[in-house]
Amino acid sequence: MNRASRLWRRVRIAGAALALFASSAAAAGWFAWGRGDGAVAQPMPDFAALTRAATPNQYLLLPSGFQAVATPDAVSPRFDVSVDRLETEALRVIRMQPRTVEIARDPEQRQYAFVQRTPILRFPDTITVRFVDLPDGRSSLAIYSRSRIGRSDLGVNRRRVDGWLAAIGAAISE
């Protein structure tokens with residue numbers, strides 16, 4: 001077999017493997033090329049009654065003293081602004097995030113859900129945010145970020161929440 005034939009054979013094998021992977025991934029529901037609707041079973045959980053999955057591919061941030069069943073991974077910061085201002089600035093920041101789509105909202109509860117997709121394979125991660133009014137004109141927020149696909153997220157959910165908090169803090173201090 002000459003060199004060109006071997007190369008062509010490798011290209012066909014690689015193409016077949018890629019086609020098999022893509023069809024398997026599509027059949028498993030990994031690729032949801034739409035806007036994100038239906039990407040999660042429960043985009044708007046009740047933070048107080050939330051029970052977490054046993055997998056580590058999630059990150060929960062709750063305000064200090066927030067009465068909840070689930071134990072948070074971290075305590076959310078308190079902001080020296082009204083809950084209205086926090087909600088306005090945070091939603092502006094979140095809506096500017098790449099590959100992020102708002103999928104649900106309950107303005108009366110000040111709770112919103114988003115899907116952010118991974119850059120290459122577009123796996124959907126769901127992030128729910130609730131804004132909390134505190135005494136003395138201060139505010140905080142609860143954030144639950146979780147991956148729908150896989151068991152481990154390699155710290156993606158935590159980094160996302162930390163990045164969003166830094167951007168929100170910067171927007172408020174402007």
Side-chain angles (χ1 to χ4, degrees), residues 29-53 55-119 122-150 153 155-174:
W30 287 7
F31 295 104
W33 299 108
R35 291 181 44 88
D37 300 309
V40 294
Q42 188 182 13
M44 298 285 276
D46 176 1
F47 277 92
L50 177 68
T51 55
R52 298 174 66 173
T55 57
N57 60 350
Q58 57 192 310
Y59 191 76
L60 178 62
L61 184 80
L62 293 176
S64 178
F66 191 91
Q67 297 298 310
V69 173
T71 303
D73 295 298
V75 175
S76 59
R78 294 175 183 246
F79 296 91
D80 290 328
V81 297
S82 70
V83 71
D84 290 329
R85 174 130 185 256
L86 175 61
E87 182 175 7
T88 299
E89 294 297 330
L91 289 176
R92 183 177 62 79
V93 166
I94 294 167
R95 288 173 177 149
M96 290 174 26
Q97 299 301 307
R99 302 170 313 282
T100 302
V101 176
E102 185 175 326
I103 60 168
R105 72 173 70 175
D106 183 350
E108 287 184 20
Q109 295 293 319
R110 296 183 183 269
Q111 187 163 316
Y112 302 82
F114 303 88
V115 167
Q116 186 174 45
R117 296 192 175 277
T118 59
R122 298 181 45 87
F123 294 144
D125 291 347
T126 305
I127 308 95
T128 306
V129 181
R130 182 170 188 171
F131 300 96
V132 179
D133 195 12
L134 299 175
D136 300 327
R138 299 174 87 191
S139 57
S140 190
L141 68 166
I143 303 177
Y144 184 38
S145 180
R146 61 251 185 231
S147 302
R148 180 174 185 225
I149 308 293
D153 67 350
V156 168
N157 286 297
R158 178 181 181 183
R159 285 192 303 276
R160 173 187 297 118
V161 171
D162 290 346
W164 286 16
L165 287 175
I168 292 166
I172 287 174
S173 64
E174 289 178 350

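By convention here, the first residue in the shown sequence is residue 1. Model, not experiment: these values are computed from the prediction.
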Salt bridge (charged side-chain N to carboxylate O under 4.0 Å, His left out) evaluation trace for Arg158 with Asp73: CA-CA 9 Å; Arg158 178 181 181 183; Asp73 295 298; over 6 Å; no
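- A donor-acceptor pair is defined here as one N or O able to donate and one able to accept, closer than 3.5 Å; no such pair exists between the side chain of Arg130 and the backbone of Thr128.
- Judged by distance alone, with hydrogens and angles left aside, the side-chain atoms of Thr88 form no donor-acceptor pair with the main-chain N or O of Leu86 at under 3.5 Å.
- Under the 3.5 Å distance criterion, with hydrogens and angles disregarded, a donor-acceptor pair is assigned to the side chains of Ser147 and Asn157.
- Put simply, the side chain of Ser76 never gets that close to the backbone of Ala142: no donor and acceptor are under 3.5 Å apart.
- Using a 4.5 Å heavy-atom cutoff, the side chains of Arg85 and Ser139 are not in contact.
- Remark: Glu89 CD to Phe131 CZ distance equals 10.5 Å, nearest 0.5 Å.
- Arg110 and Asp84 are joined by a salt bridge, as a carboxylate oxygen and a charged side-chain nitrogen come within less than 4.0 angstrom of each other.
- Note that CG of Asp125 is 11.0 Å distant from CZ of Arg148, once rounded to the nearest 0.5 Å.
- At a threshold of 4.5 Å between non-hydrogen side-chain atoms, the residues Tyr144 and Gln58 count as touching.
- Val75 has its side chain out of reach of Phe66: every pair of non-hydrogen atoms, C-beta onward, lies at least 4.5 Å apart.
- For the pair Pro43 and Gln111, the minimum side-chain heavy-atom distance is 4.5 Å or more.
- No side-chain heavy atom of Gln97 sits less than 4.5 Å from a side-chain heavy atom of Phe114.
- Residues Leu165 and Leu61 form a side-chain contact, since some pair of their non-hydrogen atoms from C-beta on lies under 4.5 Å apart.
- In this structure a side-chain-to-backbone donor-acceptor pair under 3.5 Å is missing from Arg52 to Ala70.
- Between Ser145 and Arg160, the closest heavy-atom pair is OG-NH1, 2.8 Å.
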Side chain to side chain contact (heavy atoms under 4.5 Å, CB included) between Glu87 and Tyr112, worked out: CA-CA 10 Å; Glu87 182 175 7; Tyr112 302 82; 2.4 Å; yes
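- Counting heavy atoms from C-beta on, the side chains of Arg78 and Pro63 never come closer than 4.5 Å.
- Distance CD1/Ile127 to CD/Glu102: 11.5 Å, rounded to 0.5 Å.
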